[in-house]
Structure formats: structure tokens, C-alpha cells
Amino acid sequence: MLLDLVFPRSCVVCGTGGAVLCDGCEARLERLGSPCCDRCGAPTAWPVERCRECAGRRIAFARARAAVAYDDTAKRLVGAWKERGRRTLASLAAELVEGAVARPRAHTITFVPADHDRLLKRGHNPAERLAVALASRWQLPAVALLERAPGRAPQKGLTLVERRRNVRGVFSPRDAVPATVVLVDDVYTSGATVSAAASALRKGGARRVEVVTFARAVR
Ligand SMILES: [Zn+2]
Ligand SMILES: [Zn+2]
């Protein structure tokens with residue numbers, strides 16, 4: 001990218017010169033794997049079907065998986081990826097996802113559409129770029145299957161109940177949706193956004209939706 005030519009490359013997490021993510025910071029990212037909750041992907045002491053975080057909740061996706069914990073290192077990486085829009089970071093994120101998450105058995109890969117205002121401000125949707133990068137690694141077609149209604153408040157700073165209410169009815173299917181879909185977002189926080197998006201995909205005809213994100217909040 002042009003920016004990389006103008007500014008010398010330095011680690012977006014710690015500022016060390018050389019690579020966009022230095023070896024030390026890459027090693028510091030906490031990889032998520034097993035054991036975890038089969039449904040929502042929360043790390044657990046032993047494999048479980050549902051966990052404290054997702055038990056008793058109505059969740060529209062079949063399972064959710066993420067590559068790394070959303071800790072301070074991941075937050076800085078995602079922040080730079082969102083705000084500076086570096087394509088190299090989307091492909092780096094895809095590489096980390098591929099290393100941590102088994103390729104879902106699905107027909108299509110799609111993404112959580114960005115809020116219109118934020119899309120204008122940033123000029124890109126990180127979830128879309130991650131989906132496109134994953135699509136080429138997983139040999140799946142990347143298709144924009146969802147629309148997002150404008151004018152909702154950002155999820156940041158809201159409680160779980162508020163988050164669920166805030167995203168209710170925000171997403172709708174654009175077209176006929178394939179039976180099995182991978183739904184991509186950059187970060188899984190409460191699961192409210194991806195669940196609302198998965199619900200819209202199911203309304204559009206999906207029977208099974210698997211969520212894949214780069215990072216996941218770990219409580
Ligand atoms: Zn670093
Ligand atoms: Zn769970």
C-alpha cells in the first residue's frame with residue numbers, strides 16, 4: 001500500500017521498526033483453541049456443549065470460533081487495522097484465523113455489513129476484508145448477503161441487554177441465502193451482533209450459520 005511506502009514499516013502494536021506486526025507481538029497474541037465451548041467458542045477448562053456465557057441464551061448461529069483473545073495486544077492490532085485500513089493486516093488476520101480455526105463446511109462466506117457512516121469514514125469494512133481474505137484461503141465464494149439498516153448507535157459501551165436490543169432487526173437478507181454460511185466479523189464481543197446477523201441469514205434461507213472472527217472477548 002502507498003502508506004507503507006511513505007512511512008517506514010513499524011509494528012502496529014509496539015512500534016518496533018521492520019514488520020507491520022513484529023515477531024514478539026505476534027507471539028504474544030493469545031491463540032484460542034480447545035478446550036472451548038462448542039457453541040460460542042469461549043475458552044473452558046474442558047470441552048462443553050454450552051457454557052456459562054451462552055447457556056440459556058437464544059443464539060442464531062450454530063457455532064462461533066475465533067483465532068485470538070481480544071486482549072490489549074489484539075486490541076491495538078484491530079484498532080490499527082480498522083482505522084488505518086491496511087490490507088496487510090486483513091491478510092495477516094486471515095492467516096492467523098486459518099491457523100487456529102478449522103475450515104467450516106459451508107457453501108458461502110459472508111460478513112457483517114458495516115454501519116454506513118463508519119464505512120464512509122473508514123472507507124473499508126474490516127469484516128468484509130477478512131471475509132474476502134479467508135474466502136481465498138478456504139476456497140469459498142465471498143458474497144455480500146446482508147443489508148444493514150442505518151442509524152443505530154454503536155455497540156461499544158452498551159450492556160449485553162442493550163446490545164441485543166440495539167441490533168434487533170438491523171440486518172436483513174439481500175437475496176436468497178445458501179443453506180450453509182460462514183459469517184465473518186472482526187471481533188466477537190457479546191455475540192449479540194453476529195447472532196442478529198445470523199438470524200437474518202436464517203430468515204433468508206440458511207439452515208446453518210457458523211461464525212468466524214479474528215478476535216474474541218474472553219471473560
Ligand atoms: Zn511489536
Ligand atoms: Zn458458550
Side-chain angles (χ1 to χ4, degrees), residues 1 3-4 7-97 99-102 104 112 126 155 159-161 163-164 167 182-199 201-202 208-219:
M1 234 181 115
L3 273 175
D4 292 330
F7 301 103
R9 274 173 187 260
S10 60
C11 174
V12 293
V13 177
C14 73
T16 304
V20 83
L21 180 68
C22 75
D23 290 345
C25 289
E26 187 175 337
R28 214 169 300 126
L29 286 168
E30 191 196 322
R31 268 66 167 185
L32 298 175
S34 18
C36 70
C37 170
D38 187 56
R39 191 69 183 272
C40 77
T44 48
W46 51 84
V48 291
E49 279 176 27
R50 298 287 289 242
C51 71
R52 252 190 324 194
E53 204 179 306
C54 70
R57 277 178 63 187
R58 221 183 294 154
I59 294 175
F61 52 82
R63 56 164 48 171
R65 292 292 183 271
V68 302
Y70 195 45
D71 58 11
D72 287 341
T73 305
K75 274 182 191 159
R76 294 183 81 144
L77 177 64
V78 170
W81 173 22
K82 283 185 172 177
E83 300 313 325
R84 291 182 236 165
R86 291 182 154 184
R87 276 178 201 279
T88 40
L89 291 178
S91 65
L92 193 86
E95 193 184 317
L96 289 163
V97 169
V101 178
V112 174
Q155 293 284 80
T159 66
L160 179 57
V161 175
R163 278 167 182 264
R164 275 189 225 145
V167 288
V182 183
L183 173 65
V184 174
D185 205 357
D186 47 9
V187 179
Y188 180 111
T189 311
S190 68
T193 301
V194 284
S195 187
S199 166
L201 290 170
R202 287 176 57 184
R208 181 182 169 86
V209 179
E210 289 196 34
V211 172
V212 172
T213 62
F214 168 62
R216 185 195 200 288
V218 172
R219 276 162 264 270

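Counting convention: from 1, in listed order, for ligands and their atoms alike. Note that the structure is a prediction, hence the values are computed from the model and not measured.
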**OP:** Using a cut-off of 6.0 Å, state whether more than 12 heavy atoms not belonging to D71 lie near its atom CG.
**Re:**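 More than 12 heavy atoms, drawn from other residues, nucleotides or ligands, come within 6.0 Å of this atom.
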
Mark yes when over 12 heavy atoms from residues, nucleotides or ligands other than R76 sit less than 6.0 Å from its CZ; otherwise mark no.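 Open.
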
Sub-2.8 Å protein N, O or S atoms surrounding the Zn ion (ligand 2):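 Under 2.8 Å from the Zn ion (ligand 2) - ignoring waters, which are not counted - the protein N, O or S atoms are C37 SG, C40 SG, C51 SG, C54 SG.
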
Can L77 and F214 be said to form a side-chain contact (heavy atoms from CB on, under 4.5 Å), step by step?
CA-CA 11 Å; L77 177 64; F214 168 62; 3.5 Å; yes

key: Exam field: side chain R31 to backbone A69, donor-acceptor pair closer than 3.5 Å   =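 Checked: no pair found.
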
- Task: For the pair R65 (side chain) and T213 (backbone), establish whether a donor and an acceptor sit closer than 3.5 Å, ignoring hydrogens and angles.
- Result: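 No; zero donor-acceptor contacts below 3.5 Å.
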
query: Going through the distances and angles, do V218 and L32 end up as a side-chain contact (heavy atoms from CB on, under 4.5 Å)?
result: CA-CA 10 Å; V218 172; L32 298 175; 4.1 Å; yes

So what does the C22 SG - the Zn ion (ligand 1) - C11 SG angle come to, to 10°?
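About 120° at the Zn ion (ligand 1).
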
